[in-house]
Amino acid sequence: MKALLHVLLCACVFCFGAWAYTPLSCELSQGSSCSGNGSRNGMSGSGLFVNTVREWSLGGACVIVFEQEHDMKRYCPFFLHEETVVCVKGHTTTLAQEMGFADDARYSGKTITDLSAGDVVAAIVKPTPQAKQCLSVERTVKPPTLINKGQVMFLTPGERDAHILSTINAECGTFRTLDGNLDKRGQDIKKLEQNLYKPVEGDACERISVEEFMSNGFVSNYLLRSKPVLIAGLAKSWDAYATWTAGYLKQTCVTSPHLRVLFAPNGEFEGVEPRSKWQGADSIPQYIKAQLPYPDLVVVRPASLEMRCSDFMELLSRPRNASGSAYLEYTEIASTMPSLLKDLPGVAPLGHLLETKHVNMWLSDGNTVGKLHFDAFENIMGMLRGSKTFIVYPPYNNTQLYEAHIPEAKLAYNLGTDTFTREHLMDSTSMVMSPVDLQRPNPERFPEFRHATSISCHVQEGDALFLPSFWWHEVVSAPNTKEHRNLAVNYWFQPIFEKEYPCPTCPFHFDSKFYDLI
């Protein structure tokens with residue numbers, strides 16, 4: 001359940017910090033000057049105009065470039081209270097040519113250079129994600145969206161206003177009306193985002209019944225509030241709770257001959273430790289390392305062995321005095337043991353409201369700790385054997401958890417001798433993790449962590465946990481006392497919230513395509 005992109009040297013972001021803007025009413029052309037928050041004074045020449053638009057977009061602003069001053073004066077006031085919308089007057093063809101989009105035939109079969117100044121009302125340069133898609137690739141501005149004069153020339157003034165405003169709203173992710181206020185959708189989303197659950201010291205993990213989980217109250221009180229909750233008896237209602245005995249799973253191995261089993265010393269999976277403990281060198285380029293906030297640390301990836309399913313089940317059944325734990329971790333059931341899916345329900349109501357992305361099995365001897373991480377999915381975790389304790393932190397202020405790309409290193413394990421070795425440093429920076437160790441938090445290096453507030457959710461056998469998307473969690477497992485194993489199934493659903501990562505200051509937003517849930 002790690003936020004892992006399987007791309008070398010790449011990851012979802014490199015954050016440059018949020019900028020604040022107020023709408024500008026100025027012309028960025030020869031001899032012009034601007035005033036306002038985020039503006040530049042004394043700008044001149046088309047090159048500076050284009051570079052400034054690019055800079056604003058890369059900083060997270062939605063830039064609306066109007067060809068005519070009267071259009072700018074007409075539409076910019078609607079966005080007076082949007083801190084990330086910037087209005088400027090400039091030439092669309094200049095913008096397109098110097099940004100390299102002029103020859104893209106994307107506007108009704110025409111290139112931008114085929115369009116004269118009179119053909120265009122405005123060009124909308126959408127905000128560039130504040131995260132790099134890859135640390136080794138320069139962040140680039142996307143081609144602008146044009147509002148062509150032909151689209152609005154035969155409309156009434158009211159229809160013209162509505163068309164232009166709706167296009168800007170759609171491209172900039174805003175919800176403004178012709179009087180500058182938020183429309184109903186915007187008001188509802190703002191109210192929802194102001195009502196997100198934020199734990200305070202002493203909060204306990206709430207516990208609800210299966211009936212409450214199935215009701216509309218779950219959506220309004222937990223899903224839309226991004227609030228973790230225990231669901232008593234949910235996993236016990238699944239057929240898998242009764243049928244997934246050790247013998248039943250061994251029989252299933254006939255149709256799943258090989259599994260990828262993970263091994264980690266002391267049962268700690270994906271912890272962070274000093275790079276100095278590892279010999280050798282990686283081949284990560286220096287300019288990539290220069291962008292990493294913690295190049296002296298590594299995420300320790302567990303050793304992995306391809307094992308016959310029957311051998312893994314036999315390994316779990318034997319008493320072991322091993323130095324580490326074996327774990328069948330986030331193993332997708334559909335691709336490894338598809339016959340088991342018949343024993344699992346669709347988990348209403350989430351399964352009816354959101355797309356199910358993955359259904360995973362988690363099977364171990366129960367002596368494991370999944371170190372602090374997050375998942376970009378809405379999550380239902382059901383306990384079939386043993387228990388898991390989740391220490392969870394909200395995703396709204398990740399400056400306290402110091403989220404970042406952290407280099408990776410890979411362990412090796414010899415099953416015959418039961419020995420681990422630090423095998424090699426990996427040429428990957430794709431892991432997005434917290435460098436904070438909950439057992440040894442290092443307040444000198446990570447002082448803001450002392451302000452982070454967590455809650456503990458203990459998932460007992462037969463119960464389940466709803467864990468909202470992007471919530472940080474460390475998971476401590478314990479075995480079933482009779483069978484000496486820990487077995488869980490989790491469902492990952494598409495998230496209803498959006499968050500760039502690693503970007504500690506980026507906002508946590510409701511995804512408006514799920515507005516019907518409100």
Under a 3.5 Å cutoff, is there a donor and acceptor pairing between the side chains of Lys388 and Asn486? yes
Output yes when a side-chain donor or acceptor of Ser434 lies under 3.5 Å from a complementary backbone atom of Leu401, and no otherwise. yes
d(Met361 CE, Thr336 OG1) to nearest 0.5 Å is 6.5 Å
Check the pair Trp238 / Tyr491 against ring-ring contact (aromatic ring centres under 6.0 Å, His included), numbers first and verdict last. CA-CA 13 Å; Trp238 302 346; Tyr491 294 76; 5.7 Å; yes
Can we say Asp463 and Arg207 salt-bridge, meaning some charged N sits less than 4.0 Å from an Asp/Glu carboxylate O? yes
Taking NZ, NE, NH1 and NH2 as the nitrogens, is one of them in Asp161 or Arg74 under 4.0 Å from a carboxylate oxygen of the other? yes
How long is the straight-line distance from CG of Leu328 back to OG1 of Thr331, given to the nearest 0.5 Å? 3.5 Å
Euclidean distance, Glu461 CD relative to Leu384 CG, rounded to 0.5 Å: 8.0 Å
Do Trp244 and Asp343 have a side chain donor and acceptor closer than 3.5 Å? yes
Test item: Glu403 side-chain N/O and Cys503 main-chain N/O as donor-acceptor pair under 3.5 Å: yes
Apply side chain to side chain donor-acceptor pair (under 3.5 Å) to Glu171 and Thr145, showing your working. CA-CA 8 Å; Glu171 295 298 314; Thr145 297; 3.0 Å; yes
Basic-acidic side-chain contact under 4.0 Å: Lys371, Glu270: no
So, the side chain of Asp183 versus the backbone of Arg185: is there a donor-acceptor pair under 3.5 Å, distance only? yes
Backbone of Met431 reached by a side-chain donor or acceptor of Glu408 within 3.5 Å: yes
Checking Lys73 side chain against Pro77 main chain: does a donor-acceptor pair fall under 3.5 Å? no
Distance-only, no hydrogens or angles: does the Glu474 side chain make a donor-acceptor pair with backbone N or O of Leu372 under 3.5 Å? yes
A quick test of your reading: do over 12 heavy atoms of other residues, nucleotides or ligands sit less than 6.0 Å from NE2 of His352? no
Does the side-chain contact (heavy atoms from CB on, under 4.5 Å) test come out yes or no for Leu224 and Phe510, once each step is laid out? CA-CA 9 Å; Leu224 291 176; Phe510 178 73; 3.9 Å; yes
For this output row, return yes or no: ring centroids of Phe218 and Phe466 closer than 6.0 angstrom. yes
Verdict with reasoning, Asn490 to Ile380, per side-chain contact (heavy atoms from CB on, under 4.5 Å): CA-CA 5 Å; Asn490 90 287; Ile380 294 287; over 6 Å; no
Pair Tyr501 + Trp472: ring centers closer than 6.0 Å: no
Neighbour count above 12 (heavy atom, 6.0 Å) for Asp179 CG: yes
Calculate, to the nearest 0.5 Å, the distance between atoms CZ and CD belonging to Arg160 and Gln151 respectively. 11.0 Å
Spacing of Asp511 atom CG and Ile496 atom CD1 [to the nearest 0.5 Å]: 9.0 Å
Check: Thr429 main-chain N/O paired with His405 side-chain donor or acceptor under 3.5 Å: yes
As an exercise, state the distance from OG1 of Thr505 to CG of Asn397, rounded to the nearest 0.5 Å. 9.5 Å
Taking the six-membered ring where the residue is Trp, are the ring centres of Tyr393 and Trp471 under 6.0 Å apart? no
Between the main-chain N or O of Ser209 and the side-chain N or O of Glu212, is there a donor-acceptor pair closer than 3.5 Å? yes
Any salt bridge between Glu355 and Lys357, counting N to O under 4.0 Å? yes
Close aromatic pair by centroid cut-off 6.0 Å: Phe470 and Phe497: no
Compute both the distance and the angle, then confirm whether Arg225 meets the cation-pi test with Tyr197: under 6.0 Å from the six-membered ring centre, within 45 degrees of the axis. no
Could you tell me whether the side chain of Gln187 and the main chain of Leu182 form a donor-acceptor pair under 3.5 Å? yes
With a 4.0 Å cut-off, would you call Lys227 and Glu206 a salt bridge? yes
Ser57 side-chain N/O to Val63 backbone N/O, donor-acceptor pair under 3.5 Å: no
